[in-house]
Visitor: 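Have a look at the structure that comes next, please.
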Amino acid sequence: MIPKHNNPTNPSATAIAPYNFVPLPEKILIPDESSSSALKYSGEIDLSIKTETDLYVRCGVRPGQEKSENPFKNPFRQEFFHRGNPELPVIPGSSFRGMLRSLVEILSFSRMADGFFSDQKLNYKKPNSSKKAESQYSIGDHVSYEDSNPDTADFTQNLFGRVTNGKDEKCIRGRVSVGDFPWESSGNGSIFHENDGRRVPQILSGPKPASFQMYLTQPSGKKGMLYCWDTGKEESVVRGFKRYWIKTESKSYVTEAIGKNDTQHTIMRPVKPGNTFGGRITFTDLSLEEIGALMVALEPGDELRHQIGMGKPLGMGAVKITLKSLSILDPQKRYGSFFDESGNIEAGLMIDVDMKNKTKKAFENLILSHFKKIEPNFRQSFWLIPRLADLRTMMDWNTPVAANKTEYVRIGKDGQERQWKDRYVLPTPGGVRNPAAPQGAQGNGGGHKNRSGSQRPVPVTVPVPRQAPPPVKGPVAIATGQPDKQGKLKKSSDGVWTAEFEGDSRPVVVGFSDPKMKESLKEGTIGLFYIREANKKSITARLDKLLK
């Protein structure tokens, strides 16, 4: 049993950040145990990517220009990635592949990829000390899960491949290939912003793992009880897979003049919202479950969005992915004749509409079966697995978390700098969305035990299918899953929209089925709401329709 994170209980001493974590899996899913289908399939997935906020992927450094890498001095480095024409942007396959792989790692209970979490030891200020010193344990020492044979390839490595970097492990050839996604069309009449489209974003900050109160599981939010990188490995582990919150808009650009000697800012030429890119994923010899992992990662739900490129902490990079077709190779057709009935070269690919749902179901059943080995009493659906519910919370586009809970800490703003001085603890994704929820109601905030303990995370409470629950008397008559509830809109002093429901005094956090609704809202407007979550202290609702 790996240690679990407990959310801080003092709202005024709770950390804020544009990122959060999806917890580590307690037990790794190994492919040898996974595939129930003996058949293997090859084929193609055609996709469309629509930008929801500004999107930017920087051009690489040209050979011989290494000394001119600074975007202030090298206009080529300011451009959106392209293949020769800067007016025709391209999302490179490598960027999309990295995004896809990171999602499959989480969904398939795979190991965290090496990279940042390595054998590195940190120099940091330890609790109750003003001097920096090297940690006793490395970052990698704090990455732990039940894994009988770490050298065995996990689900994601078996799908995307593995390079060993000199270790004793065997290299694995990837069976998923991602091509480039060239620009196809613009729904708003232009690709880039006005005045050549070049912008200066706010300064982007890199990972700071020395902030152990953010990156390690903590027993509480109390300053005197923090675990650090020198805490025993049995007591604390890294929080998990780091991800950035989806935001419906990006207020990310600096308007004042930047000095020519500025080394902190950068220059970029982002693509505007409403642009569409198209491309293809090719796969070879995959099981139903493996194809299903790709399907679930690509289409996790209509209300969720993916992120690509730079500026994610500032709200950039939100995209909507649409699956255009899933084609499966028929070897007999492909290799049985050179031409098809129309006289074209026979590709042997057949679009299979039913295959998408079939593979999704196979993968979800596989993961549920695996999770029940960890939690034998779990009886809920795939997206109610606690760590996957945390992922879904962070990808939610229709009901985003309030911006003031997911921003960078800024010196001089409402005393936010105390977050670092007093080492405030970052809640779980569920704790950020709903601070009033009891410990363990979402994600991995279900009590802090060491690995020999027996406590398990409590199943998450997230939106359920839209069906009205049976009537309940008293103040909890408004319940999770209840549709078409009338309420009156209000605006708080900090500009956040809330609502009032007749006969219920609980505060209501409001999200929107269509973010454009906010443009014409007025206090006192009546609307129809869907109740996403309700407990004794608060309600989270989605505004579906304005009435008057």
Side-chain angles (χ1 to χ4, degrees), residues 20 22 47-53 55 99-100 103 106-107 187 243-250 273-274 276 294-308 312 315-324 356-357 360 363-364 380-403 405-406 429-430 432-434 437 442-443 460-468 480-485 487 496-497 499 508-519 521 527-534 539-546:
N20 211 293
V22 176
L47 302 169
S48 174
I49 303 174
K50 180 183 177 182
T51 58
E52 299 276 29
T53 60
L55 171 68
M99 178 275 295
L100 180 60
L103 275 176
I106 296 172
L107 293 168
R243 295 188 62 84
Y244 290 94
W245 290 93
I246 284 287
K247 301 178 182 182
T248 57
E249 56 184 346
S250 54
T276 303
L294 299 178
M295 294 292 101
V296 174
L298 292 169
E299 287 193 330
D302 288 341
E303 71 276 24
L304 307 185
R305 296 294 184 271
H306 297 76
Q307 292 169 307
I308 299 175
K312 299 182 188 73
M316 298 177 66
V319 299
K320 179 176 176 58
I321 296 175
T322 301
L323 178 66
K324 296 165 67 175
K356 180 174 74 169
N357 292 331
K360 277 187 173 182
F363 175 70
E364 290 178 1
Q380 301 186 63
S381 60
F382 174 81
W383 284 110
L384 291 178
I385 294 173
R387 57 189 301 272
L388 301 188
D390 273 342
L391 171 65
R392 196 175 184 87
T393 294
M394 296 196 69
M395 295 177 70
D396 197 324
W397 172 262
N398 287 350
T399 314
V401 172
K405 294 183 179 180
T406 60
V432 174
R433 176 178 287 285
N434 185 10
Q442 282 213 36
V460 68
T461 301
V462 296
V464 298
R466 292 178 59 118
Q467 56 184 15
T480 298
Q482 183 175 340
D484 303 332
K485 179 68 180 176
V496 176
W497 284 103
V508 182
V509 179
V510 173
F512 302 89
S513 59
D514 182 355
K516 293 181 179 179
M517 286 182 177
K518 292 186 286 186
E519 297 174 0
L521 284 186
L528 282 179
F529 293 83
Y530 170 61
I531 309 304
R532 296 175 61 91
E533 186 175 327
I539 298 172
T540 301
R542 182 183 70 219
L543 177 61
D544 284 345
K545 184 179 180 181
L546 296 175

Visitor: With sequence neighbours excluded, tell me which residues meet side chain to side chain contact (heavy atoms under 4.5 Å, CB included) with Lys485.
Guide: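 So Lys485 forms a side chain to side chain contact (heavy atoms under 4.5 Å, CB included) with Ile478, Gln482, Phe501, Ile531.
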Visitor: Mind running side chain to side chain contact (heavy atoms under 4.5 Å, CB included) on Tyr244 and Gln307 for me, showing each step along the way?
Guide: CA-CA 8 Å; Tyr244 290 94; Gln307 292 169 307; 3.8 Å; yes
Visitor: If you define the side chain from C-beta out and look only at heavy atoms, does anything of Phe529 sit under 4.5 Å from Ile539?
Guide: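 Answer no - side chains too far apart.
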Visitor: Are the side chains of Asp396 and Ile246 in contact, using a 4.5 Å heavy-atom criterion?
Guide: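 Not in contact.
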Visitor: Count the heavy atoms belonging to other residues, nucleotides or ligands that lie under 6.0 Å from NZ of Lys50, then report whether that count exceeds 12.
Guide: no
Visitor: Does any non-hydrogen side-chain atom of Thr399 lie less than 4.5 Å from one of Tyr530?
Guide: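 No, their side chains stay 4.5 Å or more apart.
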Visitor: With sequence neighbours left out, write down each residue that passes side chain to side chain contact (heavy atoms under 4.5 Å, CB included) with Val401, or none if nothing qualifies.
Guide: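 Only Trp245, Lys405, Thr406, Val432, Arg433 meet the side chain to side chain contact (heavy atoms under 4.5 Å, CB included) criterion with Val401.
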Visitor: Please report the interatomic distance CE(Met316) to CD1(Ile308), rounded to the nearest 0.5 Å.
Guide: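 It is 12.5 Å, given to the nearest 0.5 Å.
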Visitor: Where do Thr248 and Pro400 come nearest, in terms of heavy atoms and distance?
Guide: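 Looking at all heavy atoms of both residues, the closest pair is CG2-CG, 3.8 Å.
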Visitor: What pairs with Thr322 under side chain to side chain contact (heavy atoms under 4.5 Å, CB included), at least two apart in sequence or on another chain?
Guide: Ser48, Lys320
Visitor: Any side-chain heavy atom of Asn20 sitting closer than 4.5 Å to one from Asp390?
Guide: no
Visitor: So, do Thr53 and Lys247 sit near enough that their side-chain heavy atoms are less than 4.5 Å apart?
Guide: no
Visitor: I'd like to know if the side chain of Thr276 and the backbone of Ile49 have a donor-acceptor N/O pair within less than 3.5 Å.
Guide: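 No, Thr276 side chain to Ile49 backbone: no donor-acceptor pair under 3.5 Å.
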Visitor: Would you check if the side chain of Thr393 reaches a backbone N or O of Gly430 as a donor-acceptor pair within less than 3.5 Å?
Guide: no
Visitor: Which side-chain N or O atoms in residues 297-306 pair as donor and acceptor under 3.5 Å with protein atoms at least two apart or in another chain?
Guide:
from   : atom 1 : to     : atom 2 : distance (Å)
Glu299 : OE1    : Lys356 : NZ     : 3.0
Glu299 : OE2    : Leu323 : N      : 3.1
Glu303 : OE2    : Arg392 : NH2    : 2.6
Arg305 : NE     : Glu52  : OE2    : 2.7
Arg305 : NH1    : Asp302 : O      : 2.8
Arg305 : NH2    : Glu52  : OE2    : 3.2
His306 : NE2    : Ala297 : O      : 2.7

Visitor: Less than 4.5 Å apart, side chain to side chain, heavy atoms only: is that true for Trp497 and Leu543?
Guide: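 In short, these two side chains do not touch, never coming nearer than 4.5 Å.
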Visitor: Between Leu107 and Phe382, which heavy-atom pair has the shortest distance, and what is it?
Guide: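 That closest heavy-atom pairing would be CD2-CZ, 4.2 Å.
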Visitor: Are the side chains of Val319 and Met99 in touch, meaning some heavy atoms are under 4.5 Å apart?
Guide: no
